[in-house]
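Structure record follows, encoded as structure tokens.
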Amino acid sequence: MLLQGMRLSQRLHKRHLFASKILTWTTNPAHIRHLHDIRPPASNFNTQESAPIPESPANSPTRPQMAPKPNLKKKNRSLMYSIIGVSIVGLYFWFKSNSRKQKLPLSAQKVWKEAIWQESDKMDFNYKEALRRYIEALDECDRSHVDLLSDDYTRIELKIAEMYEKLNMLEEAQNLYQELLSRFFEALNVPGKVDESERGEVLRKDLRILIKSLEINKDIESGKRKLLQHLLLAQEEILSKSPELKEFFENRKKKLSMVKDINRDPNDDFKTFVSEENIKFDEQGYMILDLEKNSSAWEPFKEEFFTARDLYTAYCLSSKDIAAALSCKITSVEWMVMADMPPGQILLSQANLGSLFYLQAEKLEADLNQLEQKKSKESNQELDMGTYIKAVRFVRKNRDLCLERAQKCYDSVIAFAKRNRKIRFHVKDQLDPSIAQSIALSTYGMGVLSLHEGVLAKAEKLFKDSITMAKETEFNELLAEAEKELEKTTVLKAAKKEGLN
Amino acid sequence: MAVFTPPSGNSNSTDHTHTQDDHDKDDNDIKKFYIRPSLGLKLWGPLVPAPDNLPGLYTLITIQSAVGFFALWRLRRLYKLPPPRRIATGTHSDLSFGELPSEMIVNGKTKIKKDIADFPTLNRFSTTHGDIVLAPPPIIPRQSRFVSVRKLLWGLFGSLLLSQSLLELTRLNFLKYDPWCDEMKSVRDKKFFNNIVKYYHEGIDPTKIKVKDAMNGTPLSTNIPEVKQSVALARAQVEAQNPIIKWFGPLEYKPMSFNEYLNRMEFHLDMFEFFQNKRNIRENSIELINSISHNPQSSSTGLEGLSESKKLHLQNVEKRLHFLASSGDSISAPVKKRSSTTLSRGVILPHDTKGPQDIDLDTIRSLYDPWMTLALETSLSIKFIPTTMPSHTKTPTSTDQPLPGPTPKALTNEKTH
């Protein structure tokens, strides 16, 4: 305090001194200017004058300490204030961006804990009691108006559904899933209900619940309808972020119109997607994802999206609508490449597409048989031979096309595996079992195609190969089918031999 | 940031059958590092964090704004010139000017008092001594220019920094869709997947890592695929947690150009508006139908109706539970069957948990997240297996079964063990 007071008085004194000097030396500016004019070149003057300058601090040692110290303090203070201010603004924005995470009321948290306790090994997995507690927790949340779409609220609901499933109350579980699903769907459809930046996550949850509810649901038609609705929503979301997808739709439109216009062979359009162009390898020859490919538009729900699409394909198949299943799957494979899905999934999808083409060919063949039967029945009556021949020719052409494409699909997978040593010789070592499964499935598919063509020896070999592969990868569904087909082949072979003899 | 050498150039080569030498050479090549994109943090150069690293971005914005404020504060100080002592400007270069022995203010300008005898041209014929006041000629004009340049510099510097900070803040807070941020997130996910693949195939060095069963502590062989998977996952997680990776994201990531960023944003805005309009129209038409059908209650009391239906539903549940309890064993058989087919595991609490109050809700919630369980249950692998039928009319066989681990998502199963 004393020191400060002294400084202040010194400062005042100094000011006073300056003022008195000004009073004494009322000067004529013109005079000064004149002096300036007559002075020697500046540099010279400078050198002469520079001498006393360093001395000056020595003459007045108190001065530097006098003035800067309070200033320094002031400086520090305002610097501090500005930093504090800026950090407050920064923190405000930081919290604002995090503030959407709602905390559960304490009462609900307490009941939730009790529910976990009941559900755990400590209480011997008492699901009934846990279910009661979870329902209670949900009530607590309702009472304090927790956001119905918030993470915790839906978590409790999912837990309740899980308890229902564990207690084998599937109907209740299904109802709960339906309720959740319709809530999410509505939220996604009403503008402004879900924050734009959170749409992806909400969609992901929506799709998960959809798939889950379809697993329990057995009604094909309603399942299909729901799948279409939700998939369309997801598709819109992707389309709103991906210029590539828009380009895809435009290209398809163009292609369709071209096919209509010129009626050219659509064979050229079909291409398979399993190739080194679309699947990246690391230095050691293992398949990895391409970091440079921008597939962010498909995030974060791409896994669920493609599972749902596959489910839709399966539903179409179940309702015998192979054409719809086929077109859905063709698009799926192409989109999977765009979305940069794990390579194993792409391989498997391509193999599945081959299967679908084969099924379509089979269906066309059945149509062909029907036509022939019809012809033989109505042969004595008047039959428009022109339209008949046209129809037969058309169906046959399409069938051959489908068979060819099926072969292309399977072949692309097998050839791809053969080209790459790591897949060829280390199939079992692959992290993703779907890689090995897709190769086994393709080999089997080729066998089925050979059997269809009547090349029995080749079919037999292929079936045997696929059986070993299926055994290695524990692909039991395929194993069973392949063994059946192998049996058929051997029977046919024996019959053929007998026929020859 | 680092010394960079261009990449080997054949990143998308079709030849995957590298020889061992090739492989070694590739490893020695340091991949090129691309500066992370930002709108207002460009001055930080290679220090700019990944676009999804919010704490990093906010830290840099805070520092940048603080420096900007400091610069403006300096500017304000300069406007207060001339101070009683020019030392007040604080820099050392001024000190030499400011320390002239006699200095004073005339008409707001600093003047210097000098002995006439000091001027060689003036005291040639004079022996008188006397003070003369003059402006320090070589100093003042130069200094004032210097001050104005400094004012300009500080002003420019400060406002530049602050405007840049503001720009970046705007981007972080008012953009609902940020292509860079989304891209980064997806790249991180992909890198995580690639790392799992890499570490899985690298295998486990048994001299370095010993694997024990979590339940009974018996050592496991390191060649079991599940063990390899878990270790690969753990290693990938460790790498993702690496502070450098956390700050910059995967180092080889190449962000999209600013042009593409703008294009994508524009595209999104257009498309989003289009879909939003579509939804609005749909919504309006639904409301119209509701109003026509004179059922305003259904929309306004939707929430109450929901809670009421829930109450009813819960009563039913109580009844069912009661029924379950009374019917006893006859029901329990299918229950067991069902639970064994589902993937979800029972909750196992730590040994020292004595009661519900000891449960750490956050840990349990993250370990047994119902959303994660649902994700695992819904990760299906659907295969279509064709069969030839002797009658030439074939039916498809489709199998859908839960697949335990092909996707990164499904792999996270291991993480929670």
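Remember, predicted model here, so these are calculated numbers, not experimental data. Sequence lines set the chain letters: A, B, ... in the order given, protein chains first and strands last, and positions in each chain run from 1.
Of the listed residues (B/K176, B/H201, B/R282, B/K185), the one with the most heavy-atom contacts under 4.5 Å to chain A is B/H201. With chain A as partner, the option from B/I359, B/L269, B/D270, B/N194 having the largest number of non-hydrogen pairs under 4.5 angstrom is B/N194. With respect to chain B, the highest number of heavy-atom pairs below 4.5 Å among A/S120, A/P243, A/S197, A/S355 belongs to A/P243. Counting heavy-atom pairs closer than 4.5 Å to chain B, the top residue among A/I116, A/T313, A/I435 is A/I116. Ranked by heavy-atom pairs under 4.5 Å with chain A, the first of B/F274, B/Y200, B/Y253 is B/Y200.
The existence of a salt bridge linking A/E292 and B/K254 is excluded, since no basic side-chain nitrogen approaches an acidic carboxylate oxygen closer than 4.0 Å. Salt bridge A/R208/B/E377: absent, no basic N to carboxylate O contact under 4.0 Å. Between B/D182 and A/K241 a salt bridge is recorded (basic side-chain N to carboxylate O distance below 4.0 Å).
In terms of heavy atoms, B/F193 sits closest to A/P342 at CZ-CB, 3.9 Å. Pairing each heavy atom of B/M271 with each of A/S240, the nearest pair is CB-CA, 3.6 Å. Contact detail for A/M287 and B/V197: the closest heavy-atom pair is O-CG1, 3.9 Å. Considering every non-hydrogen atom in both A/T154 and B/W371, the closest pair reads OG1-NE1, 3.2 Å. Contact detail for B/P386 and A/Y444: the closest heavy-atom pair is O-OH, 2.7 Å. Smallest separation of non-hydrogen atoms from A/D121 and B/L349: OD1-N, 3.1 Å.
Interface residue B/M256: only side-chain heavy atoms are found under 4.5 Å from chain A. There is no contact between B/K228 and chain A, counting heavy-atom distances below 4.5 Å. Both the backbone and the side chain of A/E114 come within contact range of chain B, with heavy atoms under 4.5 Å apart. Only the side chain of B/I364 has a heavy atom closer than 4.5 Å to any heavy atom of chain A. The contact between A/D151 and chain B is made by backbone and side chain atoms together, counting heavy-atom distances below 4.5 Å. Contact of A/K246 with chain B is made through the side chain alone, with heavy-atom distances under 4.5 Å. For chain B, the nearby part of A/L356 is the side chain; its heavy atoms alone come within less than 4.5 Å. No part of A/L207 comes within reach of chain B, as not one of its non-hydrogen atoms sits under 4.5 angstrom from that chain. If you measure heavy-atom distances from A/S438 to chain B, you find no contacts under 4.5 Å at all. Residue contact with chain B, scored on non-hydrogen atoms closer than 4.5 Å, involves the backbone and the side chain of A/L291 alike. For A/L348, the part sitting under 4.5 Å from any heavy atom of chain B is the side chain, from C-beta outward, and nothing else.
With rounding to the nearest 0.5 angstrom, the CD atom of A/E196 is 9.5 Å from the CG atom of B/L175. Going from atom CG of B/L374 over to atom NZ of A/K212 covers 6.5 Å, rounded to the nearest 0.5 Å. In this structure, the separation between OG on B/S379 and CD on A/E304 is 8.0 Å, given to the nearest 0.5 Å. Taking CZ from A/R155 and OH from B/Y368, the interatomic distance works out to 15.0 Å, rounded to the nearest 0.5 Å. In this structure, CZ on B/R365 lies 6.5 Å from CD on A/Q109, to the nearest 0.5 angstrom. Atom CZ of residue B/R279 and atom CG of residue A/N189 lie 6.5 Å apart, to the nearest 0.5 angstrom.
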*Worked verdict on A/T307 versus B/T378 for side-chain contact (heavy atoms from CB on, under 4.5 Å)*: CA-CA 8 Å; A/T307 310; B/T378 53; 5.9 Å; no
*List the steps, then state whether side-chain hydrogen bond (donor to acceptor under 3.5 Å, both in side chains) holds for B/S186 with A/W298.*
CA-CA 9 Å; B/S186 112; A/W298 304 78; over 6 Å; no
*Passes side-chain hydrogen bond (donor to acceptor under 3.5 Å, both in side chains), B/K190 versus A/S295? Steps please.*
CA-CA 10 Å; B/K190 285 184 192 176; A/S295 56; 3.0 Å; yes
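Relative to the ring axis of B/F384, A/K329 does not place its NZ or CZ within 45° and under 6.0 Å from the centre.
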